[in-house]
Amino acid sequence: QQAATDMGIALNDCYMVGDGIPDLEAATRAGCRPVFIGRWKCEICQFTEAPHVRPSIVAKSLWDAAQIIRDEVSKNDFSRSAAPCALAEA
């Protein structure tokens, strides 16, 4: 939260990319949009502690995830809110 505050970023506009359930849970707890890299199977759902932990995006690779995120960000108008993480400069 401190980094988001320092950079003027809304966490719900951010994406957190990972390849495991702990990554999805961390993204959900942080208020980010979880992105899962790999093959999402229904069997995986039973291993999440919270039933509401589901990826916003499922991609085959990090490259595919980046392309999907870029397309989503370009379709949204963030001019009325804080800059999204995907567009924030480090």
Side-chain angles (χ1 to χ4, degrees):
Q1 282 184 330
Q2 185 63 47
T5 301
D6 291 348
M7 296 180 71
I9 298 169
L11 286 174
N12 61 340
D13 288 335
C14 295
Y15 297 86
M16 184 172 170
V17 179
D19 61 358
I21 292 171
D23 301 323
L24 298 177
E25 292 173 336
T28 301
R29 281 193 308 272
C32 298
R33 298 190 61 203
V35 179
F36 182 79
I37 303 295
R39 290 190 56 201
W40 184 257
K41 301 177 183 177
C42 290
E43 300 86 50
I44 294 174
C45 299
Q46 68 185 336
F47 296 110
T48 61
E49 292 178 12
H52 65 280
V53 176
R54 299 290 182 269
S56 296
I57 297 170
V58 176
K60 294 178 186 176
S61 68
L62 185 57
W63 176 258
D64 289 340
Q67 299 303 309
I68 294 167
I69 292 168
R70 183 195 64 193
D71 291 345
E72 279 195 8
V73 169
S74 68
K75 289 178 186 175
N76 293 318
D77 178 15
F78 293 105
S79 62
R80 285 177 254 136
S81 64
C85 286
L87 298 177
E89 295 180 0

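Smallest separation of non-hydrogen atoms from Ile57 and Tyr15: CD1-CE2, 3.8 Å. Of all heavy-atom pairs between Ala30 and Leu11, the closest is O-CD1, 3.1 Å. Taking all atoms of both residues into account, the shortest heavy-atom contact from Val58 to Ile68 is O-CD1, 4.3 Å. When all heavy atoms are compared, the tightest approach of Phe36 to Gly20 is CE1-N, 4.0 Å. Between Val35 and Ala65, the closest heavy-atom pair is CG1-CB, 3.9 Å.
Cluster membership check: Leu62 shares its hydrophobic cluster with Val73, using side-chain heavy-atom separations under 4.5 Å among Ile, Leu, Val, Met, Phe, Trp and Tyr.
Taking 4.5 Å as the limit, every side-chain heavy atom of Ile37 sits out of range of all side-chain heavy atoms of Asp23.
To the nearest 0.5 Å, atoms SG (Cys32) and CE (Met16) are separated by 7.0 Å. Here the NZ atom belonging to Lys75 is positioned 10.5 Å from the CZ atom belonging to Arg70, to the nearest 0.5 angstrom. Put simply, CG on Leu24 and CZ on Arg33 are 13.0 Å apart, with the number rounded to the nearest 0.5 Å. Residue Asp19 holds its CG atom at 12.5 Å from OG of Ser61, rounded to the nearest 0.5 Å.
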